[in-house]
Number of protein chains: 2
Amino acid sequence: MPAIGEISVRSGVHVETIRYYERIGLMPKPARAANGRRCYDAKAAARLAFIRRARDLGFALADIRALLLLADNKAACRDAHGLATRHRDAIRAKITELKRLERLLSGTTERCARTPAAPCPIIEALTGNAL
Amino acid sequence: MPAIGEISVRSGVHVETIRYYERIGLMPKPARAANGRRCYDAKAAARLAFIRRARDLGFALADIRALLLLADNKAACRDAHGLATRHRDAIRAKITELKRLERLLSGTTERCARTPAAPCPIIEALTGNAL
DNA sequence: CGTAAAACCTGTAGTCGCTACAGGAGCAAG
DNA sequence: CTTGCTCCTGTAGCGACTACAGGTTTTACG
């Protein structure tokens, strides 16, 4: 039965994070060896891998909790689809917002590169003198 | 002398947030009226507006602290430029990462829409059966 | 066999940028 | 006079970890 360090390496989730997931009830309390150390079975390892993949996709832990419930449930595809779609839309919105920021920042830093002696255009922009 | 509510409305920064900025030393401690209420002068209002604009551009408070120091300092343009450029690059990296996520999520949700009866492709993808 | 490093344990506090509350005081308008 | 607004202080909560402190046990090496 693998210890916490082994499933940490296998899943790519830090040991402390696994313990954190247990504390908040996202991972079940594992069996313990005689010496008190955590022993994980295949089911727990699979659950952790699932969480890891969902985190990589940017799902919040609350969403992952819901997805894990759906995973045991047949015919929950509609719910999963809704969750994933909402998440995708949130990502799209964030991309749009960041692109806007990037444009603004690029404009300012570029002006700055062109006029190296004048009053700093970045500071000026933030001061509101010429936004 | 404007009270906290007024500069809150004028700057678009919540009252609690202004007090929070004061607590962490980002805003100076303002003068107080006889009744103990905060009174802000034009300089404080300008500083708050500066912070607000920098926050809108996604700068972290630590960066804003640095920018505010630079704002008083002539010939700090190079420093400001470096800070802004690093921030812009971080935003670009985040956009790239989010686009990758968006592609992955779009693929999965699309498969899900096409096969409404089969085992949910979203759950399958996260389970690792067919990533 | 001794010892030192590595892995494990629990529990708590810190990160960031707020936000929300508890519990109160003061002030203006109807 | 009472209602409702703004203001005050102080503290706790969010999300998702991360980093200790202070301990035990296991493993590896000489």
Side-chain angles (χ1 to χ4, degrees), chain A residues 1-27 29-40 44 47-48 50-68 83 86-87 90-91 94 97-98 101, chain B residues 1-27 29-40 44 47-48 50-68 83 86-87 90-91 94 97-98 101:
Chain A
M1 292 279 257
I4 197 169
E6 199 183 322
I7 66 155
S8 166
V9 171
R10 256 159 43 190
S11 64
V13 179
H14 290 169
V15 167
E16 302 89 338
T17 306
I18 298 171
R19 285 197 283 248
Y20 166 71
Y21 287 165
E22 181 184 330
R23 201 161 66 240
I24 64 170
L26 190 59
M27 284 293 288
K29 299 197 175 193
R32 298 288 184 138
N35 54 18
R37 301 192 171 187
R38 292 169 176 82
C39 296
Y40 292 92
R47 189 181 174 93
L48 189 57
F50 184 103
I51 294 170
R52 172 67 208 269
R53 287 190 203 98
R55 283 296 297 140
D56 281 352
L57 289 172
F59 282 99
L61 294 188
D63 286 349
I64 296 174
R65 227 181 267 263
L67 285 170
L68 280 162
L83 229 162
R86 273 196 299 283
H87 181 48
I91 288 174
K94 197 147 212 168
E97 168 67 5
L98 286 179
L101 289 192
Chain B
M1 293 280 254
I4 196 169
E6 200 182 321
I7 66 154
S8 165
V9 170
R10 254 157 47 188
S11 64
V13 179
H14 290 170
V15 167
E16 301 90 338
T17 306
I18 298 172
R19 285 198 283 248
Y20 166 71
Y21 286 164
E22 181 184 330
R23 201 161 67 240
I24 64 170
L26 191 60
M27 285 293 288
K29 299 197 174 192
R32 298 287 184 137
N35 54 16
R37 301 190 173 190
R38 291 169 177 82
C39 295
Y40 292 91
R47 190 181 173 93
L48 189 57
F50 184 104
I51 295 170
R52 172 68 208 269
R53 287 191 202 97
R55 284 295 297 142
D56 282 351
L57 288 173
F59 283 99
L61 294 187
D63 285 350
I64 296 174
R65 227 181 268 263
L67 285 170
L68 280 162
L83 229 162
R86 275 195 299 283
H87 181 49
I91 288 175
K94 197 146 213 170
E97 168 67 5
L98 285 178
L101 289 192

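Every chain is numbered from 1, with letters handed out A, B, ... down the list of sequences. Side chains included, hydrogens not; waters and symmetry mates left out as well; all remaining heavy atoms used.
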Would you classify [X] as touching base, sugar-phosphate or nothing, given that sugar-phosphate means primed atoms plus P, OP1 and OP2, and contacts are heavy atoms under 4.0 Å?
{"X": "B:Arg19", "result": "base"}
{"X": "A:Ile24", "result": "nothing"}
{"X": "B:Tyr21", "result": "sugar-phosphate"}

Handout entry: Beyond-backbone contact of A:Leu57 with A:Ile91, side-chain heavy atoms, under 4.5 angstrom
Key = no

Problem - Note, B:Tyr20 side chain near B:Leu61 side chain (heavy atom, < 4.5 Å) - result: yes

Nearest whole Å is fine: how far is [N] [atom2] from [X] [atom1]?
{"X": "B:Ile64", "N": "C:dC16", "atom1": "CD1", "atom2": "P", "value": "13 Å"}
{"X": "B:Arg32", "N": "D:dT9", "atom1": "CZ", "atom2": "C1'", "value": "9 Å"}
{"X": "B:Ile7", "N": "D:dT6", "atom1": "CD1", "atom2": "P", "value": "15 Å"}
{"X": "B:Asp63", "N": "C:dC16", "atom1": "CG", "atom2": "P", "value": "11 Å"}
{"X": "A:Ile51", "N": "D:dA16", "atom1": "CD1", "atom2": "P", "value": "12 Å"}
{"X": "A:Glu6", "N": "C:dA6", "atom1": "CD", "atom2": "P", "value": "19 Å"}
{"X": "B:Ile18", "N": "D:dT6", "atom1": "CD1", "atom2": "C1'", "value": "13 Å"}

Looking at [options], which one has an atom nearest to any side-chain atom of [X]?
{"X": "A:Asn35", "options": "C:dA13, D:dT26, C:dC18", "result": "D:dT26"}
{"X": "B:Arg23", "options": "D:dA16, C:dT19, D:dC8", "result": "C:dT19"}
{"X": "A:Tyr20", "options": "D:dC17, C:dG17, D:dT25", "result": "D:dC17"}
{"X": "B:Arg37", "options": "D:dT6, C:dC8, C:dG17", "result": "D:dT6"}
{"X": "A:Ala3", "options": "C:dC8, D:dC8, D:dC7", "result": "C:dC8"}
{"X": "B:His14", "options": "C:dC18, C:dT19, C:dT12", "result": "C:dT19"}

Exercise for the section: Kindly say if A:Thr17 contacts the phosphate of D:dT18, meaning a side-chain N or O under 4.0 Å from OP1 or OP2. Expected result: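 Yes, within the criterion.
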
Problem - A:Arg65 vs D:dG15: side-chain N/O to OP1/OP2 distance below 4.0 Å - result: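 Indeed not, no polar side-chain atom of A:Arg65 lies that close.
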
Exercise for the section: Nearest-nucleotide wise, let me know which of A:Glu22 and B:Glu16 is further upstream toward the 5' end of DNA chain C. Expected result: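 Between the two, 5'-proximity favours A:Glu22.
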
Handout entry: Heavy-atom pair of closest approach, residues B:Pro30 and B:Cys39
Key = CB-O, 3.6 Å

Handout entry: Nearest atoms (heavy-atom pairs only) where B:Arg55 meets B:Tyr21
Key =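 For B:Arg55 versus B:Tyr21, the nearest heavy atoms are CG-OH, 3.9 Å.
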
Practice task
Check for a donor-acceptor pair, side chain of B:Arg52 on one end and backbone N or O of B:Asp56 on the other, with a separation under 3.5 Å.
Solution key: no

